[in-house]
Structure formats: C-alpha cells, structure tokens
Trainee: 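Before we start, here is the structure in question, set down as structure tokens.
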Amino acid sequence: MTELPPIDWSGLEAAETVSLDTECSGLFADDGARVACVALAWEGGSLALPFDQGRLDKLSNGNQLERSLGEYNPNRSSFEWDLLCSVLREKRIVMHNAKYDLHMMAAGTRHFEGVDLSNQVIWDTMLASRVLEPRESAGLDACGARHGLGGKLGADEVAGWLKKNRLPKGRYDLVPWESVEPYVKADAELTYQLWRVQKGGEGAETSQDELSRQFDLCRTLFRIERRGIAYDGLESIKCAEAMLRKADEIEASMPFKCDITAAKKYFFETAGLPPDRVTDKGAPSLDREQVRDWVAAGIKWAEEYQIVSRARKAVSMWYQGYPDKMGADGRLRTSYNQGTVVSGRLSSERVNLQAVPKADKIQKGITPVRKLLRAKEGCGLWSLDMSQAELRVAAQYSGCTLMLERLADGVDFHALTTIDVLGVSPDDPDFKLKRDIGKQATFSSIFGIGGESFQKLLAKQGDVHLGLDECEQIVKAWRNTYPEIRWAYYKAQNRAERDGYVRILPGTEYERKSWLGPRDWPHTGWNRMVQGSLAAFVCMWLVAVDQDWPDTIVQTVHDSIVLELPVNEGDRIANEIAADGARRATEIFGLTMKVDVDRYI
DNA sequence: AAGTGTTGCGCC
DNA sequence: AAAGGGCGCAACACTT
C-alpha cells in the first residue's frame with residue numbers, strides 16, 4: 001500500500017469564504033446516495049479530497065472492479081473527514097445548488113457521519129444566477145462561460161469513463177480519482193470565481209434583498225426536506241396487497257390483460273368500439289372518461305378494466321411507491337425544486353408530496369393515502385390553508401368590486417355566482433350540483449377559460465355533461481358578472497407582450513419582474529401575476545414560520561403548510577401561526593386574507 | 001439497456 | 001383571433 005501524501009490544510013484554514021462541491025453516488029440520501037469526494041476552493045487555492053471514490057466494491061460484481069482501483073487507494077480516513085467537517089463548520093460557504101450538497105454533506109459518506117452545514121451557506125451561485133440573470137441558463141457550465149470564467153473541465157472524461165465501463169450515468173463515485181479530481185476541483189474553483197463575479201456585479205446590490213430571500217428559502221427547504229413526514233408504510237403495503245390480490249382475481253377472469261396496450265387492442269379492435277376522442281397525434285384515446293362512459297353503457301369488461309387499472313395505478317404510485325421510498329426512520333422525503341417553475345412556485349419530486357391524492361380518488365374500503373400520514377411520538381399534524389387565495393388575489397389585482405364584496409365574511413361566494421351565472425334560484429332542487437358547476441366556472445374563468453375547454457373540463461373531472469352552447473353561455477355570463485377580471489387579463493397580456501414580463505407582488509417592497517420566455521404565451525401573463533405573487537408570498541411565509549417556529553414544517557403545497565406540533569399545544573400554536581400568516585398576507589395583498597386550520601392526524 | 005417523447009392523471 | 005395556468009410520476013411507444 002502506497003502511503004498517501006499529507007494534506008496541507010493551511011490554505012483552507014486561513015480562508016474566510018470557501019466554495020464547496022461534492023461528487024456522490026446518487027441524488028437522494030434516502031435512495032442511498034452518499035458523498036464520494038469533496039472539493040473546496042478559496043482565494044488563491046483549492047483542495048479536493050476523496051473519501052469513498054472509485055471504490056467499486058459498492059457494486060455487486062465488485063471483485064473484478066475492485067482490482068481496477070489497484071494498489072493505490074487515494075481515499076482519506078475518518079480522521080481527515082472529521083477534520084474537514086470541523087473546519088467547514090467555521091467557514092462561510094458558497095455552493096452551486098447548495099441544497100443538494102447540503103443534503104449530501106449531512107448524509108456523509110458510506111462510512112463517515114455527516115455534518116449539517118446549512119448555517120454556513122452564505123451564497124448559492126445557481127439561485128443567484130436565477131435572480132441576477134433570470135433569462136439565462138443557471139447551470140454552472142453556462143454561468144461560467146457567460147462570465148468568461150471558462151466552462152466545466154473534464155466532464156466528458158468522467159461521463160466517458162462510465163460509459164466505457166458500462167456503468168450507470170450518474171455514478172461519479174465509481175470513477176477513478178485521477179479522472180474525477182480535476183473535474184470536481186475545477187467545479188469548486190469555478191463556483192468560487194462565479195461568486196466573486198456575482199457579488200461584485202452591479203445587480204447584486206440592487207437585488208440584495210431578493211438574493212437573501214432566495215438563500216433563506218433554500219435553507220428552509222433543506223430543513224423541511226431533511227425532516228420529512230412520517231408515513232405508515234406497513235399499513236400502506238397491506239392496502240397495496242389487498243388491492244393487488246383483488247385486481248389479480250378480477251383480471252384472471254378477463255379475456256385480456258389489464259395493461260393499456262392490451263386494453264386498447266381489446267376494446268378498439270377486438271370489440272370494435274369507436275373511441276369518443278383521439279389524442280393529439282390522432283390515436284384512439286383510452287382515458288378515464290372513455291372507460292366511465294363504457295361502464296355506464298354496460299360495455300362488457302369495461303368495469304373490470306376500470307377497477308383493475310385504477311387499483312394497479314394507485315399501488316404503484318402510492319401504496320407501494322411511497323413505502324419503497326421511505327427513509328430508514330419511516331419518513332417520506334421529497335425534494336423541492338426552487339426556481340424552476342416559471343411562476344415562482346415550488347415543484348416537488350422523488351416523492352411528489354404536492355400531489356398526494358385526496359380521499360375521493362381512492363376506492364371504497366381502502367384507507368386513503370392522506371390518512372396514512374403520521375406524526376412523531378407526542379405530535380400531530382395540522383394543515384394551514386390560505387383560504388380562496390387565488391380568488392382573493394385575482395379580485396384585488398383586478399379591482400373587481402363585486403368579487404371583493406362577495407369575498408366578505410359570511411357570504412357564500414359560489415352560491416351567489418351560481419345564481420348569476422347559471423341563472424338558477426337557490427331553491428332549485430339541483431342547486432348543490434349547480435353550485436359545483438358555478439364553483440368550477442369561477443376557478444376556470446379567473447384565468448380566462450373558453451366554452452369548449454370548460455365543457456371538456458366538466459366532463460372529465462366532474463362527469464358533468466353540458467352542451468357546448470350552455471358552456472359558452474356560462475363562461476360569457478361569468479365574464480359579464482366579473483368584467484374587471486377580463487380587463488386585468490388583457491392588461492397583463494399587453495404588458496407581457498410589450499415589456500416581456502409581468503409584475504409580481506406589485507406595489508410592495510417585494511415587487512419583482514417575472515419574465516416570459518419566447519415560448520410562454522403572453523395570454524398567460526395574468527395567471528403568472530396572480531399565481532406568481534401568491535407563490536412569492538408563500539415562500540416568504542415558509543421562511544418566517546421556519547424562523548419563528550423552528551422544526552415544525554413538514555410539507556408545503558402552493559398555498560398551504562403542514563406542521564408537526566405537540567399534541568397538547570398544537571391547536572394553540574397552529575392558530576397562532578395561521579393568524580400570523582393571515583396578517584402577513586393581508587398586509588402584502590392589501591385585502592383581508594384568511595388562513596384555515598385543519599387537524600390532519 | 002437506456003434515453004426521449006406521449007398520454008393520462010395526481011395536486012394547487 | 002383565441003387560448004385557464006402551473007407542475008411530476010408511471011406506463012408505454014419508439015429510438016439508439
């Protein structure tokens with residue numbers, strides 16, 4: 001065994017601010033991803049250290065591959081890892097996409113315990129690039145090239161090595177250290193230089209508040225993600241098994257397998273049924289609505305197919321899909337994307353906790369997925385929802401007087417709208433159903449739906465079938481009832497066309513521009529303004545709650561926050577947080593905003 | 001076998 | 001001229 005040269009820590013120890021980049025074995029700690037190496041750069045120096053790099057014993061066929069590591073093992077010891085962690089705990093740290101490296105550093109290597117560096121992050125060059133140059137690519141390579149710092153180094157070599165050795169694309173941890181070292185080092189150096197350029201540029205000063213908000217949100221999201229949300233995996237799997245057993249039983253009696261290909265073949269070809277709709281590409285469409293109509297018409301095997309296909313989908317997406325992704329501590333961890341959604345909303349991936357199905361989407365007799373969420377010992381879950389948030393903001397930004405009036409306390413907005421728009425009396429025996437249609441008309445019409453799309457929406461989502469004339473009539477009546485919405489829609493569209501952007505949180509100290517790209521239709525400007533302003537508010541609200549009530553947020557879904565709170569004080573705390581949120585929203589939007597509190601578990 | 005695009009559908 | 005908007009995941013079709 002060749003002795004490794006000693007590490008010269010002096011440069012790192014002397015540095016005030018360092019950039020950090022890791023290479024790891026995957027994307028998410030709960031999928032087993034761990035740090036393989038760490039690179040750091042500072043003023044006038046850099047250092048790259050492998051800790052679990054090129055160790056091919058990670059693979060099942062490790063024998064042969066372990067040999068390729070040779071006699072020389074470049075990886076550093078736990079002592080050196082610990083020393084690195086303790087040095088980093090004292091530094092100001094800059095990263096490109098900090099949330100990822102924070103998670104990885106917190107997860108550690110396969111053998112060494114991680115460290116939480118979230119309080120050390122002072123800058124994220126990726127988030128900064130989205131603030132400072134919102135219409136440019138935020139990738140490190142592209143940012144470097146734009147600012148004359150050179151592109152990434154050695155990326156092709158690393159990717160090429162994996163390809164040549166027939167190894168998975170993202171497994172940089174398997175690549176020999178001599179190939180990875182220049183690559184990871186160059187990334188850390190590039191990140192450092194990019195920070196220098198960004199903070200010294202003229203935009204940094206004018207955008208300082210927005211930059212801070214983005215960095216704060218990143219830190220908050222990191223904490224929410226790390227906390228995760230408890231899930232009853234055992235019960236979930238029990239439901240999955242029951243559903244699959246039943247599905248298999250039904251399928252066994254059928255003349256075709258319940259995959260979509262076989263079903264299309266059976267219904268459209270063997271049975272010769274004509275499709276009600278075709279896809280954009282002209283293929284016959286076998287969607288939920290088609291199956292539902294066939295079931296209603298008594299078509300043979302339609303109901304069986306409906307039951308089996310829905311059950312299998314629910315199993316793979318949730319009842320088995322979620323347990324497969326749970327961490328060792330029984331919690332589900334999503335990853336929020338910050339700055340990727342055009343409107344400024346967050347998106348959520350891996351476990352998409354922003355699309356957990358509601359109870360009405362689950363077949364009878366099976367515990368709904370939301371009922372399988374859990375809280376840690378002694379705690380419960382509370383959900384805080386901004387009440388009719390989009391409607392309120394749309395009313396305010398458009399100055400729609402009737403809408404504002406009807407959003408007052410104690411008024412049934414949807415009932416009054418239904419009376420106007422559908423021309424019905426509240427005594428109508430079908431008023432409940434009609435109110436649902438009126439409600440749907442509102443949520444669709446605030447962003448300008450047309451009659452045809454409204455008709456399709458009602459049919460698909462509500463199994464409500466109205467004629468095109470009637471749908472056009474409803475949309476027209478809605479626009480006449482709340483004309484200011486239409487005016488605001490056109491105004492935003494014109495501004496988007498003329499200026500290329502719309503204003504987010506207009507007239508507040510938080511105002512910023514939301515740019516529409518060449519592929520974004522100007523007519524989406526009004527939606528962008530309303531949705532984007534709400535998103536901007538919720539992002540600030542999340543940070544505030546995380547600061548004032550630390551370690552409580554476990555989830556967020558566009559206009560709601562889920563909190564894990566002690567059972568005995570939860571009601572009081574949840575209502576306190578809701579009142580604070582409502583106060584903040586009311587101040588920012590300039591009309592009364594409400595936050596509803598709901599106990600989950 | 002792995003990548004890309006399409007369809008359908010979950011959420012707000 | 002008219003157009004609801006915004007996402008991510010699973011299954012499948014098709015290509016490389």
Side-chain angles (χ1 to χ4, degrees), chain A residues 162-163 166-170 257-265 277-291 309-310 312-318 320-322 324-325 334-337 340-362 368-370 383 385-386 388-391 394 440-457 460-461 472 475 478-479 485-486 489-490 492-493 496 502 514 516 520-532 534-535 538 555-561:
Chain A
L162 286 169
K163 195 162 187 178
R166 295 168 172 267
L167 292 164
K169 220 178 97 178
K257 280 188 61 140
C258 281
D259 60 74
I260 197 164
T261 314
K264 277 184 173 172
K265 196 163 179 222
R277 279 165 304 284
V278 293
T279 67
D280 292 347
K281 309 286 165 196
S285 178
L286 181 57
D287 58 11
R288 182 177 49 189
E289 196 182 346
Q290 176 70 78
V291 177
S309 58
R310 294 203 68 178
R312 293 223 173 112
K313 175 119 182 162
V315 168
S316 62
M317 287 199 71
W318 311 305
Q320 186 64 54
Y322 283 6
D324 284 349
K325 289 173 178 162
T334 190
S335 176
Y336 293 103
N337 295 316
T340 64
V341 179
V342 287
S343 66
R345 277 185 169 183
L346 300 169
S347 75
S348 162
E349 64 176 347
R350 181 175 181 271
V351 182
N352 185 357
L353 290 181
Q354 294 191 150
V356 180
K358 299 211 272 195
D360 63 335
K361 296 294 187 297
I362 306 300
V369 180
R370 286 184 188 214
S383 157
D385 285 54
M386 299 195 49
Q388 296 179 307
E390 279 190 345
L391 206 51
Q440 186 63 61
T442 291
F443 288 125
S444 309
S445 296
I446 47 173
F447 298 125
I449 202 168
E452 209 172 317
S453 299
F454 183 56
Q455 184 188 33
K456 286 184 186 152
L457 193 71
K460 204 170 192 89
Q461 291 195 3
E472 278 173 346
V475 167
W478 196 95
R479 290 179 188 177
I485 295 289
R486 201 69 189 155
Y489 175 98
Y490 284 126
Q493 176 174 346
V502 294
S514 179
L516 283 88
D520 298 328
W521 294 105
H523 82 261
T524 62
W526 170 239
N527 171 277
R528 179 80 68 92
M529 196 177 160
V530 174
Q531 197 184 91
L534 260 171
V538 171
Q555 198 191 342
T556 173
V557 191
H558 307 312
D559 58 6
S560 72
I561 296 182

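In what follows, chains carry the letters A, B, and so on, assigned in the order in which the sequence lines appear, proteins first and then strands, with residues in each chain numbered from 1.
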Trainee: Students often get this wrong, so: under 4.0 angstrom with heavy atoms, is A/Arg528 touching a base, only sugar-phosphate, or nothing?
Mentor: nothing
Trainee: With the side chain of A/Pro357 defined as its heavy atoms from C-beta on, choose the nearest nucleotide among C/dC7, B/dC12, B/dG10.
Mentor: B/dG10
Trainee: Could you tell me how far apart A/Asn337 (CG) and C/dC7 (C1') are, to the nearest whole angstrom?
Mentor: 10 Å
Trainee: Take the protein atom CH2 of A/Trp318 and the nucleotide atom C1' of B/dC9, then report the distance between them rounded to whole Å.
Mentor: 8 Å
Trainee: If we only count heavy atoms from C-beta on, is the A/Ser309 to A/Ile260 side-chain gap below 4.5 Å?
Mentor: no
Trainee: In whole angstroms, how far is the P atom of C/dG8 from the CD atom of A/Gln555?
Mentor: 16 Å
Trainee: When all nucleic acid strands are considered with a 4.0 Å heavy-atom cut-off, which category describes A/Phe454: base, sugar-phosphate, or nothing?
Mentor: nothing
Trainee: Could you state the NE2-C1' distance from A/His558 to C/dC7, rounded to the nearest angstrom?
Mentor: 6 Å
Trainee: Could you state the CZ-P distance from A/Arg310 to C/dA10, rounded to the nearest angstrom?
Mentor: 17 Å
Trainee: Scan A/Ser445 against the nucleic acid and name what it touches under 4.0 Å (heavy atoms): base, sugar-phosphate only, or nothing.
Mentor: nothing
Trainee: Answer with base, sugar-phosphate or nothing: what part of the nucleic acid does A/Trp526 contact at a heavy-atom distance below 4.0 Å?
Mentor: nothing
Trainee: Counting the atoms with a prime plus P, OP1 and OP2 as sugar-phosphate, which does A/Arg370 contact under 4.0 Å by heavy atoms, base, sugar-phosphate, or nothing?
Mentor: sugar-phosphate
Trainee: Applying a 4.0 Å non-hydrogen cut-off, can you work out what A/Arg277 is touching in the nucleic acid: base, sugar-phosphate, or nothing?
Mentor: nothing
Trainee: Do you know which of A/Thr340, A/Asn337, A/Thr334 makes side-chain contact (heavy atoms from CB on, under 4.5 Å) with A/Glu349?
Mentor: A/Asn337
Trainee: Could you pick out which residue, A/Arg345 or A/Glu349, lies toward the 5' side of DNA chain C when each is mapped onto its nearest nucleotide?
Mentor: A/Arg345
Trainee: So, do A/Val291 and A/Arg310 sit near enough that their side-chain heavy atoms are less than 4.5 Å apart?
Mentor: no
Trainee: Looking just at side-chain N and O atoms, do A/Gln531 and A/Ser343 make a donor-acceptor pair shorter than 3.5 Å?
Mentor: yes
Trainee: Return the nearest nucleotide to the side chain of A/Asn352; candidates are C/dC9, B/dC9, C/dG6.
Mentor: C/dC9
Trainee: Taking any heavy-atom pair under 4.0 Å as a contact, classify A/Lys325: base, sugar-phosphate, or nothing.
Mentor: sugar-phosphate
Trainee: Whole Å only: how far is the CG atom of A/Asp287 from the C1' atom of B/dT6?
Mentor: 14 Å
Trainee: Under 4.0 Å, heavy atoms only, any strand: does A/Lys313 hit a base, just the sugar-phosphate, or nothing?
Mentor: base
Trainee: So do the side chains of A/Tyr336 and A/Gln555 get within less than 4.5 Å of each other, counting heavy atoms only?
Mentor: yes
Trainee: Side-chain N or O of A/Thr279 less than 4.0 angstrom from OP1 or OP2 on B/dT7?
Mentor: yes
Trainee: Reckon A/Ser285 touches a base, only the sugar-phosphate, or nothing at all at heavy-atom distances under 4.0 Å?
Mentor: sugar-phosphate
Trainee: Check every strand shown and say whether A/Gln493 touches a base, only sugar-phosphate, or nothing at a heavy-atom separation below 4.0 Å.
Mentor: base
Trainee: Heavy atoms only: give me the nearest A/Asn352-A/Tyr322 pair and the separation to one decimal.
Mentor: O-OH, 3.9 Å
Trainee: Is A/Arg350 touching bases, backbone alone, or none of the nucleic acid, heavy atoms closer than 4.0 Å?
Mentor: sugar-phosphate
Trainee: How long is the line joining CG of A/Leu286 and P of B/dT6, in whole Å?
Mentor: 19 Å
Trainee: Which nucleotide wins on minimum distance to the side chain of A/Asp559, given the candidates B/dC12, C/dA13, B/dG10?
Mentor: B/dC12
Trainee: In whole angstrom, what separates A/Arg288's CZ from B/dG10's C1'?
Mentor: 9 Å
Trainee: So what does A/Gln531 touch, heavy atoms closer than 4.0 Å: a base, only the sugar-phosphate, or nothing?
Mentor: base
Trainee: Give A/Val530 one of three labels, base, sugar-phosphate or nothing, depending on what nucleic acid heavy atoms sit under 4.0 Å from its own.
Mentor: nothing
Trainee: For the side chain of A/Met317, starting at C-beta, report the closest nucleotide among C/dC12, C/dC7, C/dC9.
Mentor: C/dC9
